[in-house]
Each structure stands twice: as C-alpha cells, then as structure tokens.
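First the proteins, then the strands, lettered A, B, ... as listed; each starts at 1. Note that the coordinates shown come from a computational prediction; the quantities given were computed from them, not determined experimentally.
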Number of protein chains: 2
Amino acid sequence: MPRLTEATAAKRRMHILQAAAHCLFERGLLATSVDDVCAQAGISKGAFYSHFPSREALIHAVTDMLSAELGPVDDSSIAALADSVFERQIAPALPPANARFGIEITAASAGDLGLRERNTANLERLRMAIEAAVRSLVAAGKARPDADAEAVGWLAQAHVMGVLCRNAVWPAQDEAALRRATHLLFESLLAPV
Amino acid sequence: MPRLTEATAAKRRMHILQAAAHCLFERGLLATSVDDVCAQAGISKGAFYSHFPSREALIHAVTDMLSAELGPVDDSSIAALADSVFERQIAPALPPANARFGIEITAASAGDLGLRERNTANLERLRMAIEAAVRSLVAAGKARPDADAEAVGWLAQAHVMGVLCRNAVWPAQDEAALRRATHLLFESLLAPV
C-alpha cells in the first residue's frame with residue numbers, strides 16, 4: 001500500500017470516525033464491532049488497523065471527536081448562560097440514540113480508564129466553565145451577589161448528566177419544556193432577589 | 001426434590017436476590033453470569049432456575065428489590081423535602097459500585113423493555129411524589145406561591161439521575177457537599193422571596 005499523505009490520512013481517519021459514530025448511535029456501544037465499522041465505512045480491516053490500533057482506541061477517538069464539538073458557555077447574562085448550556089450540552093443529546101451512547105460511555109467508564117479520563121475531563125471542563133461564568137455574572141452585577149459559584153457548577157453539571165439519562169430512557173422529549181427547565185434552574189440559583 | 005413451602009421458597013428467592021445484588025455491585029451488570037450468582041449463593045443451577053426462569057428475570061427482580069427500598073418524600077418543609085430526596089434517592093447510590101449498577105441499568109434499558117419499564121416507573125414515581133410535595137408546600141404557605149411544581153419535579157428527577165452519574169464516574173464523593181447542593185437546589189426553586 002502506498003504511504004498516504006498526512007492530509008489524506010486525516011481525511012480517512014475522520015471518515016472512519018464518522019462511520020463509527022453512526023454505528024455507535026444506531027446499535028449501541030456493546031453491539032458495535034470493528035467489522036460493523038469497516039462495513040459502514042466501506043474499508044478493509046487492514047485499512048482500519050492502519051488508523052486505529054484497537055476497538056478501544058477507536059471508541060476513545062469517537063468520544064474525543066464528539067466532545068470537541070461542545071463549545072464555550074456564554075456569560076453575558078443568566079439567560080445567555082442557560083441558553084448556551086442547553087444548546088451546547090443538552091440539545092446535542094436530545095436524539096435518544098445520542099443520549100444512549102452518552103450513558104453507555106458513562107457506564108463503560110467504570111471499567112475503562114481511558115474513557116473515564118475523557119468523561120471526567122469533559123464534565124469537569126463544563127463545571128469549571130459554569131463556575132467561571134457565574135463569578136463573571138456576579139462581578140458584573142448581573143447575578144445575586146451571594147451566588148455560590150462552585151455549587152452552581154456542581155448542580156449544572158449534574159443537571160446536564162441527569163437530562164442525558166432522561167433522554168436515553170424516554171423517547172420523544174419535549175425540547176421546549178427541557179429548555180424552560182434549564183432556564184428555571186439557572187434563574188432560581190442566580191437571579192438577584 | 002421435595003416441594004418447598006411458600007415461606008421457604010420466598011426465603012430462598014430473597015437469598016438468591018441478595019447474592020445477585022452482591023455480584024452485580026461487585027462485578028457490574030455485564031460481567032455477572034448465572035454461574036456467578038449460583039456460586040455466591042451456594043446453590044445449584046437447577047435450584048436457581050426453579051426460582052427464576054432466566055438471567056433477565058433475575059435482573060428485573062433485583063431492580064424491583066432495590067427500588068422497593070426507596071420510600072416516600074417528606075413534605076413538611078422545603079428542608080425536609082430536600083433531606084428526604086437526598087436520604088432515600090441519593091445516599092443509597094453514594095457507593096461507586098451501587099451508582100455504577102444504576103447507570104448500567106439505565107444504559108441497558110435501551111435494549112431491555114422490562115428494565116426500561118421498571119426504570120421509568122421508578123423515576124416517574126419520584127417525579128410525581130416531588131410534584132405532589134411541592135403543591136402541598138405551596139398550599140401550606142411554606143413555599144413561594146408561584147412555584148412551578150411540575151418543573152421542580154422534572155429538575156429534581158434529573159438532579160437525582162445526574163448525581164448518580166457523578167457517583168459512578170468519580171470515586172470518594174463528598175457526601176456533605178452533595179447534601180448541601182441538593183438543599184440549595186430545592187431552596188432556590190421553592191423558598192419564598
């Protein structure tokens with residue numbers, strides 16, 4: 001096989017990651033094999049293993065790809081903070097298959113150190129971003145002065161994970177009602193009294 | 001084999017359920033086989049199958065046993081409501097092995113209708129109990145009159161599930177900090193302004 005240029009290799013790697021995400025959302029974590037991913041991507045097993053050393057490495061890379069899509073939070077107002085947490089953390093997990101994959105990753109984290117490190121790093125980034133946004137809102141006089149930024153970070157982190165669990169077990173979530181609930185959470189915790 | 005009296009059969013069934021819960025917490029859902037449970041309970045496979053038709057039926061029965069241990073919520077005050085949600089729903093899932101089992105059950109609910117029905121029924125019971133407690137607190141003048149009982153039910157349900165996720169991936173949770181966070185959630189949503 002001729003050596004691939006770096007750009008071609010990166011493109012093929014991304015093609016495999018997207019095929020893997022498709023299989024993982026469609027069938028679930030346990031039911032997805034390297035064979036499934038190769039069939040979905042239209043490649044040979046040899047080609048697969050030239051990009052990823054193992055199924056485990058592939059799952060880690062898919063997790064990295066999905067978490068890279070989550071952006072920063074907006075600290076211009078309480079409503080903007082609530083909206084950005086909803087848009088970037090909750091809305092992407094609204095389709096039940098996506099939510100199920102998130103929960104499967106959480107469950108699998110117990111026995112896979114690489115997954116656990118990724119999972120906790122993502123969740124800690126979210127928590128710390130919210131904590132920083134709350135401190136910035138308080139400093140700007142846009143949130144109650146006694147707001148407990150650390151506790152709000154923990155509560156918002158648990159909120160995002162809890163909504164993910166809901167989405168995984170209940171199909172057809174009411175997106176508008178979920179968005180209102182996220183707003184109510186932040187307004188209750190932060191609105192000046 | 002002589003027929004067992006009903007009392008003896010119930011006692012043996014409970015012995016198997018407790019052995020199964022031990023294995024499930026110790027090894028996780030996927031790694032626990034009927035053989036493991038028989039070894040832990042000190043019984044033969046024949047004896048096992050005289051009590052449970054399948055591994056699936058056993059997992060369902062363990063789930064029923066664990067959810068029966070969750071009691072009602074206390075609606076005498078906002079703090080009492082927060083305490084009872086913490087004591088009965090969050091504290092039992094503080095040991096990481098217990099939390100991991102909860103998340104594994106949630107993940108497995110996607111592909112097991114019996115588990116999904118149990119999981120959603122438990123979570124809906126919790127949500128409705130909290131909604132009823134909030135209405136009762138409002139009626140008694142102990143919560144803000146404009147409290148959105150339905151939204152508080154959803155938020156508290158997600159909170160319980162989210163904390164479960166946290167406990168599954170982070171060892172050594174700070175119980176006092178978690179309890180304060182649960183109190184802050186209910187106080188923020190319900191305290192009269």
Please state whether the side chain, the backbone, both or neither of [X] comes within less than 4.5 Å of a heavy atom of chain B.
X	value
Leu190(A)	neither
Leu185(A)	both
Glu187(A)	neither

Please confirm whether the backbone N or O of Val73(A) pairs with a side-chain atom of Ser84(A), one donor and one acceptor, at under 3.5 Å?
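Absent.
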Determine yes or no for a side-chain-to-main-chain donor-acceptor pair under 3.5 angstrom, with Lys45(A) supplying the side chain and Asp35(A) the backbone.
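No: the side chain of Lys45(A) does not pair with the backbone of Asp35(A).
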Part of [X] within contact of chain A (heavy atom distance under 4.5 Å):
X	answer
Leu184(B)	both
Leu30(B)	side chain
Arg166(B)	both
Ser109(B)	side chain

Decide whether Asn122(A) and Arg125(A) meet the rule of one side-chain donor and one side-chain acceptor closer than 3.5 Å.
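Yes, Arg125(A) and Asn122(A) have a side-chain donor paired with an acceptor closer than 3.5 Å.
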Glu26(A) and Gln40(A): side-chain donor and acceptor closer than 3.5 Å?
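Gln40(A) and Glu26(A) do not have a side-chain donor-acceptor pair below 3.5 Å.
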So which of Leu178(A), Leu29(A), Leu123(A), Val163(A) has the largest heavy-atom pair count under 4.5 angstrom toward chain B?
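Winner by heavy-atom pair count: Leu123(A).
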Output yes when Arg127(B) and Glu150(B) qualify as a salt bridge under the 4.0 Å nitrogen-oxygen rule, no when they do not.
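A salt bridge is absent here (no side-chain N lies under 4.0 Å from a carboxylate O).
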Taking Asp83(B) first and then Arg179(B), would you say they form a salt bridge - that is, a charged N and a carboxylate O separated by under 4.0 Å?
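Salt bridge flag = yes for Arg179(B) with Asp83(B).
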